[in-house]
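The shown structure was predicted, so the numbers you read here are calculated from the model rather than taken from an experiment.
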Amino acid sequence: MKPKIRVIVVDDSALVRSLLAEIINRQHDMECIGTANDPLIAREMIREMNPDVITLDVEMPRMDGIDFLGRLMSLRPMPVLMISTLTERGAEVTMRALELGAIDFVAKPRVGVANGLQELASQIVDKIRVAAVAQVRRLAVAPSGVAAGASRPAATARPAPVSGLLGRISTEKIIAIGASTGGTEAIREVLTHLPADCPAIVITQHMPPGFTTSFAARLNSLCQMTVKEAVHGERLLPGHAYIAPGGKHFSISRSGANYVAVVDDAPPVNRHKPSVEVLFKSVAAHAGRNAYGIMLTGMGADGATAMREMRNAGSYNLVQDEASCIVFGMPREAIAHGAADEVLPLPQIAQALLNKLRGGSDQVHHRI
């Protein structure tokens, strides 16, 4: 029999600790092996019990969850699922946690916690399962010995793109990106290396309501281009990246020669809302050979079928390779569906995209 996933719950609320332990212990394939009400106790429990996953609250006594996460990921990297309160500050802190290496997060309610967590039970245990098989990387350590960035705000310096401006590119060109678990940092890696005059970029990252505003703002502070949440009916412009609002579907349409954003409240697709499938299908229909598709890290198969439709319509598709993915599910499915033109490590995707946009032939493309 496969060993159970061993979980430690770290939260300063006795009620939340009890509820999460109960939810975990109801599952046939996991068990809560301990709970801690602050990070210092958790640190000793982790040393002694060597869990497979920890769930971590943000606001706790003696050391907040972000400081603890930074130290943990620099000294003893392991899968961490953040339990974040759905507030504006909670969203900003959650983005920081993902930057530091947390695998994913669950937004817990501010009121009605008991009922709210029970309603989130299936999401919580699904994300624990994903975290248990995710690839975790050690966080770089600053010269002082403190985890890099662990106790200071995210950097806002805009890095230089991989190479200079693109120059004259058809406004009909459009780039579509899909991602899920691990995707916030993968998207950052791609976008921060693209120039300010890049074609319009449309992005679906699986994320609940309330968090994409902070995600877009963080990317906007780091990127050469303008990054924002998509707004229904707006024209999609070069030099801009548009992110699907949490809890809404995002697709594109045409108005004459222009691409236009479509944001709607239709039912989930592939259990997701926003869904990569919805975005990629619209890109296949309205952009065809003017499109470039990118599939990044994520669990499941959302978007794989539509990415194949994009390729059939003439798009050029780049897929993240297994070694650089936090979770290889969505890229694996895209490859299995015959949707990939190139499979590349994450750090090479931006340059490969620029080569294609420039029509460069200096790179050998490994056709799939």
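Few gaps surround CZ on Arg26; more than 12 heavy atoms of other groups in view lie less than 6.0 Å from it. Within a 6.0 Å sphere centred on CZ of Arg76, heavy atoms belonging to other residues, nucleotides or ligands number more than 12.
The distance from the CG atom of Asn290 to the CD1 atom of Ile174 is 9.5 Å, given to the nearest 0.5 Å. Once rounded to the nearest 0.5 Å, the distance linking CG of Asp38 with CZ of Arg43 reads 9.5 Å. Between the CD1 atom of Ile103 and the CD atom of Gln135 there is a distance of 9.5 Å, given to the nearest 0.5 Å.
Both cation-pi conditions hold for Arg254 and Tyr259: the charged atom is under 6.0 angstrom from the six-membered ring centre and inside a 45 degree cone around its axis.
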Audit row: Lys4, Asp52, salt bridge (charged side-chain N to carboxylate O under 4.0 Å, His left out) steps and yes/no: CA-CA 9 Å; Lys4 290 187 176 183; Asp52 299 307; over 6 Å; no
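Looking at Glu333, its side chain never comes within 3.5 Å of a backbone N or O of Ala301 through a donor-acceptor pair. Side-chain atoms of Ser275 do not come within 3.5 Å of backbone N or O of His272 as any donor-acceptor pair. Thr297 places a side-chain N or O within donor-acceptor distance of the main-chain N or O of Ile326, the cut-off being under 3.5 Å. Not one N or O on the side chain of His206 forms a donor-acceptor pair closer than 3.5 Å with the backbone of Ser180. A donor-acceptor pair is defined here as one N or O able to donate and one able to accept, closer than 3.5 Å; such a pair exists between the side chain of Asn317 and the backbone of Ala339.
Lys356 and Asp341 are not joined by a salt bridge, as no carboxylate oxygen comes within less than 4.0 angstrom of a charged side-chain nitrogen. With respect to Glu99 and Arg218, a salt bridge is recorded, a charged nitrogen being found less than 4.0 Å from a carboxylate O. Remark: Asp29 does not engage Lys2 in a salt bridge, criterion side-chain N to carboxylate O under 4.0 Å. The pair Arg311-Glu342 fails the salt-bridge criterion, with no side-chain N (NZ, NE, NH1 or NH2) lying under 4.0 Å from an Asp/Glu carboxylate O.
Screening residues 317-338 for ring-ring contact (aromatic ring centres under 6.0 Å, His included) gives no qualifying pairs among residues at least two apart or on separate chains. The ring-ring contact (aromatic ring centres under 6.0 Å, His included) pairs that include a residue from residues 39-70 number zero, where partners must be two or more places apart or lie in different chains. Counting only residues at least two apart or on different chains, the ring-ring contact (aromatic ring centres under 6.0 Å, His included) pairs with a member in residues 97-121 are Phe105-Phe211.
In plain terms, the two heavy atoms of Ile24 and Cys32 that are nearest each other are CG2-N, 3.4 Å.
A 4.5 Å side-chain heavy-atom check between Met45 and Ile54 finds every atom pair outside the cut-off. Side chains of Ile128 and Val7 form a contact here, defined as non-hydrogen atoms less than 4.5 Å apart.
Grouped with Val278 in one hydrophobic cluster are Val269, the linkage being side-chain heavy-atom contacts under 4.5 Å among Ile, Leu, Val, Met, Phe, Trp and Tyr residues.
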Residues 196-203, side-chain donor-acceptor partners within the protein, below 3.5 Å, at least two apart:
unit_1, atom_1, unit_2, atom_2, d
Asp197, OD1, Leu166, N, 3.0
Asp197, OD2, Leu166, N, 3.0
Asp197, OD2, Gly167, N, 2.8

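The ring-ring contact (aromatic ring centres under 6.0 Å, His included) check on His249 picks up nothing, with sequence neighbours excluded.
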